[in-house]
Every structure is written in structure tokens, then in C-alpha cells.
Asker: 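The structure under discussion is supplied below as C-alpha cells; questions concerning it will follow.
Residue numbers begin at 1 in each chain, while the letters A, B, ... track the order of the sequences.
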Protein chains: 2
Amino acid sequence: MAEVVGEMVRSRTRDEILSVAARLFSQVGFKGTSLHDIAVEVGCSKATLLYHFDSKEAILLELVAPAARDLAALDAKTSELDTATAQEAAIEGFVDLVLAYRREVALIYADLPHLLEHPAFADLQPATTRLVTTIAGRSADPAAQIAARVLLAGITAVAIECDDPAELRPALVRVARRALVPGA
Amino acid sequence: MAEVVGEMVRSRTRDEILSVAARLFSQVGFKGTSLHDIAVEVGCSKATLLYHFDSKEAILLELVAPAARDLAALDAKTSELDTATAQEAAIEGFVDLVLAYRREVALIYADLPHLLEHPAFADLQPATTRLVTTIAGRSADPAAQIAARVLLAGITAVAIECDDPAELRPALVRVARRALVPGA
DNA sequence: TCAGATCTTGACCGATCGGTCAGACTGTGA
DNA sequence: TCACAGTCTGACCGATCGGTCAAGATCTGA
């Protein structure tokens, strides 16, 4: 029982560090946020941050890992479906993912070149590329690929700014279908 | 004549500073780029950079000013047109603008919150908002507004990565029309 | 009560940051 | 030749950065 309480106490500081860091990283960027900034908002010291995390970068990596993992899972899932089903599932799945992970996606978006250097995210780019292809209806037409990339980037950018995911979801799915699905 | 030669010499270093800074700012961000980084690539000293520009921030502001100005001009131009003509002109004008200023748009994109604090860019957000409305066909439907924002952000993101603007232009215009224009 | 584990911190570190300035170099026109 | 303007720079500045560490506080189980 005491172990559980200990875990909860430890989790509280650690979770608060992640929460504050996520907010600051998405507002002013990874480089625009200092350990000092995070510590002040959490109400602890820089040394506390670095007791819980190996480095500033480790905080970022821990924040974005779940979203990166779910992106890879979505890619894997849609690879197994036929073209039309996969396109629909990819559109809805992607919209749901970016709405669920708005902040994390903002971090990935802002620091993609930097994150791509990290081994943990080596598959991020290929997975994204495959997802683009799926959303383009597996079309070889360059215009369809471009359209898919426009919609993915646009959905991401708008989702990031969003306060009401439930209201936004149908509109995002609709604009993607309209732009990408034949006869939509 | 000597004045002209002097102008050319002065312009050369200054232009090179802007060119290198634009590339570095768009690759690793304003905060991710140091005066030292820029100086090393230009082949001069930090003091030379600050001889030609008042500050690091002044370099950024000078880089993005033309694009911001042309965005405002596009907004002004399309405000005077009827809805359908304005929508089409705004779509094409916006695509042309982001293709012409890919790097500068990347800088604006990455540092928007920071830039919006500067008086010179106070109208950037309102102009962008009006452009969204124009591209949405001046529709009051929130879904149309969302669709317009998705397309603007998506076109911007894809244009930034682009190597061949001439090839990309028709595809960008087409996906915007398809997503936004009734009966397209 | 006490040893050990966990959490926290102030002081400090080397490195880098944006920026300044006195002085040197170059070019020019009188 | 020389005064002046324009360009450039090395050395330096104060501030901030990411990170370390010895030590203290707290909690826990025996």
C-alpha cells in the first residue's frame, strides 16, 4: 500500500512536469522553453526535473512517444485493408489521432527534423509517407499524393489550435473525404 | 559610379546574411539558429551581422516583411470582389504567394506567436482571418471555415517542402477548389 | 529508533547566447 | 597625401543555458 502511495506521489511530480512541459513546448517550442521555465511553472527546481528525467530532451521524447506509437499502429492497421476501406479508416483514424494528441502532435510538428534524428522515431517518416499513400487512395497520381499531404498537414494544423474536438471531428473528416475520395 | 559599386558591395554581404539566415531559420528555427551559426556560414563575424542589422530579430523581421506585405495586399484585393470571384482569386493568389515565399512562409509559420507580438505584423492575424473567410466562400457555416483553414494550412505546409513550384501549383489549386468550391 | 530509499535543492559548472566597442582596414574624393 | 566614410573584427560583456552533486528532508519498514 505504501508502495502505491509512493508511486502516486512520484507520479504526481513527474506527471506535472510532463503536463507543464507539454504546454510550454507547444506554445513557444522546445528551444524556446528552458528548464528554468518548466521548473518555475511546476514549482520545483531544475535539479528536480533532471532527477525525474535524464535530460530536457528526454522530457520531449516521453511526451511525443505515445502519439508516435499510435501513428505507427494506425499505419500498420490500414496496411492490411483494401484500398477504399483503408482510405476511409486512415482518414478517420488520423483525424482521431491528431485530435487525441493535439499538443504532442504540435511538438512533433514543430521539431520534426530534430526528432527524426532520434532512433526511437526512425519509423515516423516512413509511417507518415505510407499513411499519405493510403489516404491518397493508393493512387500513383502525383496530384493525389499532393492532395493527401495537404489534407494531413492541414488537419494537423487546425487540430492543434482546437478547443472542442467533438465539434471539429465531423468537419475535418468531411473536408478530407471531399478533397480525396472519388465521388464524395 | 563609386557609390553604385559601394552599394553593390554593401548589398552583397547583407544579401548573403539574409540568404543564409533564411535557410537556417527555416531548417532549425529562429531559436535553433545562433548568430554564430549564421556568421560561420556567411564567412564573417557576429559583429558584421550586427553591423548590417540592428539585432538577430531584425534579420527575421526583414526576411518575412515582403511576404507579410503581399499577404495583406492579397487580402485587400480580394475584399473588393464578389464572393465567387473573390474565392477563386484568393485560392490562386494564396497558392502563388506561398509558392513564391516558401522559406519566408516557413519562418512565419514556425514563429507566428513571436512575430505577432511585433507591431509590424499586427495585421497579419486579421488579414489571415479575412482570407480564410474569403476562401470559405464567405460562408457562415463553421464547417466551411474549418475546411478553409485546413486547406490554407495544408497548402502552406506542402509548399514549404516543395522543390518544383511550377509542378505543384496546379495540384494545390485543384485540391483547394475540390474541397472548397461548391460543385467543383 | 534507525537504516535505507526516495525526493528535493542551492550552489556551482562549462558552454553558449546576443550584443558592444575600440580599433584596423579599405576605398574615395578633394 | 589625407580626412573621412564604410566595412569588418577580436576581445569582451552580462545573461542564460543544460546539467551535476553533495547534502538535507521525508517517508517507510523492520
Asker: Choose from C/dG18, C/dT20, D/dG6 the nucleotide whose nearest atom is closest to any side-chain atom of B/Tyr51.
Answerer: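 So the side chain of B/Tyr51 is nearest to D/dG6.
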Asker: Which distance, rounded to the nearest 0.5 Å, do you find between the CZ of A/Phe53 and the OG1 of A/Thr48?
Answerer: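 Separation between the atoms: 11.5 Å.
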Asker: Would you say B/His52 reaches D/dC8's phosphate, i.e. side-chain N/O to OP1/OP2 under 4.0 Å?
Answerer: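 So the side-chain polar atoms of B/His52 do come within 4.0 Å of the phosphate oxygens OP1 or OP2 of D/dC8, strictly under.
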Asker: Whole angstroms only, please: what is the CZ-C1' distance between B/Arg12 and C/dT26?
Answerer: 14 Å
Asker: Would you mind reading off the distance between B/Leu49 atom CG and C/dC17 atom P, rounded to a whole angstrom?
Answerer: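 Value for this atom pair: 13 Å.
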Asker: Considering the options A/Arg177, A/Lys77, A/Arg174, which one meets the salt bridge (charged side-chain N to carboxylate O under 4.0 Å, His left out) requirement together with A/Glu92?
Answerer: A/Arg177
Asker: Any side-chain N or O of B/Thr13 under 4.0 Å from OP1/OP2 of D/dC8?
Answerer: yes
Asker: Nearest to the side chain of A/His36, heavy atoms from C-beta on, is which of C/dT20, D/dC8, D/dC17?
Answerer: D/dC17
Asker: Using whole Å, report how far NZ of B/Lys31 lies from C1' of D/dA15.
Answerer: 13 Å
Asker: Rounded to the Å, how far apart are A/Lys46 NZ and C/dC13 P?
Answerer: 14 Å
Asker: Can you say whether a donor on the side chain of B/Lys56 sits under 3.5 Å from an acceptor on the base of C/dG19, or the other way round?
Answerer: no
Asker: Consider the side chain of B/Ala47, meaning its heavy atoms from C-beta on, and name the nucleotide among D/dG19, C/dG18, C/dT20 that approaches it most closely.
Answerer: C/dT20
Asker: Find the distance B/Asp54:CG to C/dC21:P and express it as a whole number of Å.
Answerer: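 For the pair B/Asp54 CG and C/dC21 P, the rounded distance is 13 Å.
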Asker: In whole Å, I'd like the distance from the CG atom of B/Leu35 to the P atom of D/dG10.
Answerer: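 From B/Leu35 CG to D/dG10 P: 15 Å.
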Asker: With a 4.5 Å limit on heavy-atom distance, are the side chains of B/Leu152 and B/Val98 in contact?
Answerer: no
Asker: With heavy atoms under 4.0 Å as the rule, sort B/Thr48 into base, sugar-phosphate or nothing.
Answerer: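 The answer is base, as B/Thr48 lies within the cut-off (heavy atoms under 4.0 Å) of a base atom.
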Asker: Quick one: is A/Ser34 getting a side-chain N or O under 4.0 Å of the D/dC17 phosphate, OP1 or OP2?
Answerer: yes
Asker: Between B/Glu16 (CD) and D/dC8 (P), how many Å, whole number?
Answerer: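 The distance from CD of B/Glu16 to P of D/dC8 comes to 11 Å, rounded to the nearest Å.
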Asker: Select one nucleotide: of C/dT9, D/dT20, C/dT20, the one nearest the side-chain heavy atoms of A/Ser45.
Answerer: C/dT9
Asker: Using atom CZ of B/Phe53 as one end and atom P of D/dC8 as the other, report the distance to the nearest whole Å.
Answerer: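 Going from CZ in B/Phe53 over to P in D/dC8 covers 11 Å.
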Asker: Distance check, rounded to the nearest 0.5 Å: B/Glu104 atom CD versus B/Leu97 atom CG?
Answerer: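 If we round to the nearest 0.5 Å, B/Glu104:CD and B/Leu97:CG are 9.5 Å apart.
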Asker: Is the terminal nitrogen or CZ of B/Arg14 (NZ for Lys, CZ for Arg) located under 6.0 angstrom from the six-membered ring centre of B/Tyr51 and within 45° of that ring's axis?
Answerer: no
